[in-house]
Amino acid sequence: MRPSTSHWGAFSAEVTGGRLRVVPHPADPAPSPLLGNLAAALDHPTRVTRPAVRRGWLEDGPGPDERRGRDEFVEVPWDEVLDRLAAELDRVRGEHGSQAIFGGSYGWASAGRFHHAQSQLHRFLTTIGGYTSSRESYSNGTSTVLLPHVVGDAHAVLRQASSWPTIAEHTELIVAFGGVPEKNVFVTPGGVTEHGTPGHLARLGARVALVSPLRDDLASTVDARWYPIRPATDTALMLGLAHTLVVEGLHDRDFLARYCVGYATFERYLLDTGKDARWASGITGIPAADIVALAREMAAHRTLVTVTWSLQRIEHGEQPVWAGITLAAMLGQIGLPGGGFGHGYGSMGDVGDTGPEVRTPYLPRGVNPVKEFIPVARIADLLLHPGAAYDYNGEVRRYPDTRLVYWAGGNPFHHHQDLNRLRRAFTRPDTVVVHEPFWTATARHADVVLPVTTTLEREDLGSGRRDTHLIAMHRIAEPAGQARDDYAIFAGLAARLGVAASFTEGRSPREWLEHLYEGWRLSSGAPPFAEFWSAGELRLPPGPTHHTLLADFRADPVAHPLKTPSGRIEITSAVVAGFGYDDCPGHPVWLPPRESGPLCLIANQPHTRLHSQLDGGDVSRAGKVAGREAIRLNPSDAEARGIVTGDVVRVFNKRGACLAGAVLDDALRPGVVQLPTGAWFDPVENHPTGPLCAHGNPNVLTADIPSSRLSQGCAGQHAAVEIERFEGPVPEVTALQPPHFTPR
């Protein structure tokens, strides 16, 4: 048994009898069930085992091509594909400039810090002259732009939240907008060796007001009252609660005067536009009497207002975050133990964690000389509209003319919205290059597909944010087929482009691990590398068990001002107001979504895998219904459509359709259906009903629109849809099979 780690936890493993055996780390009190997906990683039929080139690109050369995603592949030798790729990189740089290369990577490919695909790709592209990059994330990209305007620092809110022990000891009421979904707390970038959040939730003494269309957005063991709100109306409920606090004199005027700016403007908006409980009830579906009672209860107790990341992954996603902070400020408990505001509890495993906040060894990426970037969720716009102007955080920017997309570590055909539009966008570049262990939809839409190892097939250093351990990730299995690690591929390209010394610095992967570790340990007091590697792990110094967000600011706002223009919480931001965005004014407001329909689809994170990773794994496949992703419906909605559990259903709107397996569940509010993200996109070509995914990827239905002009964040959490029983021959699911290859 050899040690390793993953984004969902540390483990030891061995290959025995041709099968991978995995044992969770002995110190983990709540190991993730996602470890059960690992067994399929080594020899799944979709492993990319040899370099492959799309036939059209191989025969006709680079250029826009509508056959991309539909063409056959030809397997070619490593030396030939690296020669061709190096020549293409050189051509694009020479003819169009380095900004014409988009370095796409989302960072989830590995928990290892050296073989971190995003770092490897960006280091290589920086070494050869630079690239157009992306900023923010699909998960919380809206909040990371907004929070600096409101509280001065996104990092403090997202990474230094009030700790769970503090909440357990002091909080009397948690008002959880979006809940605290336990399925998400098993995951943190880099891994969680000791999953503590499930235990904290089990021991929680506070009462919880669960505000969500889904009852299981909170563990059933937690003392809670469910407020089954209509999706995307949380801001309206917050405004109704705030209005009640004002008219009943329950808000803390002293706190608002000393620690905040712009409250008077917000209060005038509340009162002048009549955002009372009755108004909020008509929008949210929550009875007005319940809204008033909840506001009074919040004012009478030590209350923590929490907002999940899911609520900012919608159109106007800035508003629930901003309104939640404002509501907490009106209660006057920000900076008090157990009170105030939280963002992301239940969205990631390290929110509220007590582990150390220590940066462990990492691979330097260098300084990118190209200053062009896009917000991460605007990839289709980048490819479809070169030169077009767009707003972003007070700037007017233009999309560069992208000729080569280089993707290593990530699957945009999982993360992105309106996948039929993304397919069109992927036909526009001259060349698309993908590093992948598996034949995902992104690989199938590439021109050059290079087989890379999984974390099980190489050595690395692994540790998550606030993790308790640094893990020596030993190689557990030999590489599949001709797979190479990203570093070896980039080293080969760097040699062909004359920059090998700058990229590799003359080190092998093992030498890099020793170099990074030894440089880090000089300031950490850790043992030498050989001792660490033999032990398999290093326990890191413990972090503080008790922490309260913005406690120093509350104690002395003059000595510890926020990084906002005023140094205080900006309930109204003059800066944001000055941008003049009608979809994100200068203070929290109610802005209704543009789309509505018979049913609201919630496209949230799955409980059977991390994003789309290892969709062919045992745990992920066990959650399928009729071989497709399961979609949950309220029994009343199913009965009205003649649908029963186990039916294959067609979920559709004007953007496209997908097939899914029906599951009836009264834990959803009527009018709401839930289809998790991550089923590998499986388009059925030329289907009579129109564009169709056979496997159940909800992003064929979600709209590729930004949350607002402020953040340009992802708005893929919801979609207006209709559902019907699928009639006729059911298309086969082919996403978990390899593509078609032809000889040269």
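Just so you know, these numbers come straight off a predicted model, no measurement behind them.
Rounded to the nearest 0.5 angstrom, E315 CD and S708 OG are separated by 9.5 Å. To the nearest 0.5 Å, atom OG1 of residue T326 and atom CD of residue E570 are 11.0 Å apart. Distance check, rounded to the nearest 0.5 Å: CG of L610 to NE2 of H7 gives 6.5 Å. With values rounded to the nearest 0.5 angstrom, L659 atom CG is found 9.5 Å from D682 atom CG. With rounding to the nearest 0.5 angstrom, the CG atom of L419 is 11.0 Å from the CZ atom of R655. Atoms CD and CG, on Q319 and L239 in that order, are 8.5 Å from each other to the nearest 0.5 Å.
The only option from N634, D637, V651 that meets the side chain to side chain contact (heavy atoms under 4.5 Å, CB included) definition with L599 turns out to be D637. Exactly one of T306, L550, V157 qualifies for a side chain to side chain contact (heavy atoms under 4.5 Å, CB included) with F341. That residue is V157. With M330 as the partner, the side chain to side chain contact (heavy atoms under 4.5 Å, CB included) test is satisfied by one option alone out of I325, V305, I571, V246: V246.
Legend: residues meeting side chain to side chain donor-acceptor pair (under 3.5 Å) with E182, ordered by chain and number and at least two apart, are absent. With sequence neighbours left out, R423 forms a salt bridge (charged side-chain N to carboxylate O under 4.0 Å, His left out) with E685.
Cation-pi geometry between R135 and F373 is met: the NZ or CZ atom falls under 6.0 Å from the ring centre, inside 45° of the normal.
Although no hydrogens or angles enter the test, the distance criterion places a donor-acceptor pair under 3.5 Å between the side chain of N184 and the main chain of G346. In this structure, T702 contributes its side chain and G716 its backbone to no donor-acceptor pair below 3.5 Å. Counting only distance, with no hydrogens or angles, the side chain of D276 and the backbone of H243 share no donor-acceptor pair below 3.5 Å. A distance-only check finds no donor-acceptor pair linking the side chain of S347 to the backbone of H343 [under 3.5 Å]. Between the side chain of S105 and the backbone N or O of G409, at least one donor-acceptor pair lies under 3.5 Å. Not a single donor-acceptor pair under 3.5 Å links the side chain of R632 to the backbone N or O of L668. Between the side chain of T188 and the backbone N or O of D350, at least one donor-acceptor pair lies under 3.5 Å. Checking side-chain atoms of W226 against main-chain N and O of S212 turns up a donor-acceptor pair under 3.5 Å. Side chain of T572 to main chain of G262: a donor-acceptor pair is present (N/O by atom type, distance under 3.5 Å, no hydrogens or angles). Of the possible donor and acceptor atoms, none in the side chain of T677 sits under 3.5 Å from a partner among the backbone N and O of A603.
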What verdict does the side chain to side chain contact (heavy atoms under 4.5 Å, CB included) test give for L633 and D665, after you've listed the backbone C-alpha separation in whole Å, the side-chain angles of each residue and the deciding distance to 0.1 Å?
CA-CA 6 Å; L633 305 85; D665 193 339; over 6 Å; no

Under the side chain to side chain contact (heavy atoms under 4.5 Å, CB included) criterion, do D153 and R159 qualify, and how do the steps go?
CA-CA 10 Å; D153 186 359; R159 305 282 176 259; over 6 Å; no

Side chain to side chain donor-acceptor pair (under 3.5 Å), that's the test. Do R365 and S119 meet it? Break it down for me.
CA-CA 6 Å; R365 304 183 184 190; S119 298; 3.2 Å; yes

Between E722 and K654, is the salt bridge (Lys or Arg N to Asp or Glu O under 4.0 Å) condition met? List the steps.
CA-CA 10 Å; E722 182 54 283; K654 62 184 180 182; over 6 Å; no

Side chain to side chain contact (heavy atoms under 4.5 Å, CB included) for W590 and I283? Distances and angles first, verdict last.
CA-CA 10 Å; W590 164 248; I283 292 173; 3.7 Å; yes

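Minimum heavy-atom separation, Q333 to M298: NE2-O, 4.0 Å. The two residues P676 and P606 make their nearest non-hydrogen contact at CB-CA, 3.7 Å. The two residues G387 and R398 make their nearest non-hydrogen contact at O-NH1, 2.8 Å. The heavy-atom pair separating P181 from G179 by the smallest distance is CD-C, 3.6 Å. When all heavy atoms are compared, the tightest approach of P706 to Q712 is CB-OE1, 3.2 Å. Across every non-hydrogen atom of V721 and P598, the tightest pair is O-CG, 3.4 Å.
Inspection of the D615 and S612 side chains reveals no N or O donor paired with an N or O acceptor under 3.5 Å. Looking only at atom types and distance, the side chain of Q605 has a donor-acceptor partner in the side chain of H611 under 3.5 Å away. If you check the side chains of Q674 and N604, you find a donor sitting under 3.5 Å from an acceptor. Between S137 and S139, the side chains place no donor N or O within less than 3.5 Å of an acceptor N or O (distance only, hydrogens not considered). In the model, T142 has no side-chain atom that pairs as donor or acceptor with a side-chain atom of E318 under 3.5 Å. The closest side-chain donor-acceptor pair between R68 and H445, if any, does not fall under 3.5 angstrom. Between H416 and Y138, the side chains place a donor N or O and an acceptor N or O closer than 3.5 Å (distance only, hydrogens not considered).
Within the 4.5 Å cutoff, side-chain heavy atoms of L158 are placed close to those of N140. Contact annotation: the side chain of Y227 approaches that of L294 to within less than 4.5 Å [non-hydrogen atoms, C-beta and beyond]. In this structure the side chain of S707 never reaches within 4.5 angstrom of the side chain of I314, judged on heavy atoms. At a threshold of 4.5 Å between non-hydrogen side-chain atoms, the residues F413 and N697 do not count as touching. Side-chain contact between H718 and P593 is absent, with no heavy-atom pair separated by less than 4.5 Å. Looking at I569 and T564, their side chains never come closer than 4.5 Å, going by heavy atoms from C-beta outward.
The pair R378-E136 does not count as a salt bridge, with every side-chain nitrogen at least 4.0 angstrom from each carboxylate oxygen. Taking a cutoff of 4.0 Å between a charged side-chain nitrogen and a carboxylate oxygen, D401 and R403 qualify as a salt bridge. The existence of a salt bridge linking D418 and R424 is excluded, since no basic side-chain nitrogen approaches an acidic carboxylate oxygen closer than 4.0 Å. The existence of a salt bridge linking R466 and D353 is excluded, since no basic side-chain nitrogen approaches an acidic carboxylate oxygen closer than 4.0 Å. Salt bridge annotation for D582-R709: present, with a cationic side-chain nitrogen under 4.0 angstrom from a carboxylate oxygen.
The distance between the ring centers of Y345 and W164 falls below 6.0 angstrom. Centroid-to-centroid, the aromatic rings of F681 and H414 stay 6.0 Å apart or farther. The distance between the ring centers of Y399 and Y390 falls below 6.0 angstrom. Between Y259 and F553, the gap from one ring centroid to the other is short of 6.0 Å.
Listed by first then second residue, pairs satisfying salt bridge (charged side-chain N to carboxylate O under 4.0 Å, His left out) with a partner in residues 263-274 read R253-E267, not counting sequence neighbours.
In this structure, H587 and Y269 have tilted ring planes: the angle between them lies in the 30° to 60° band.
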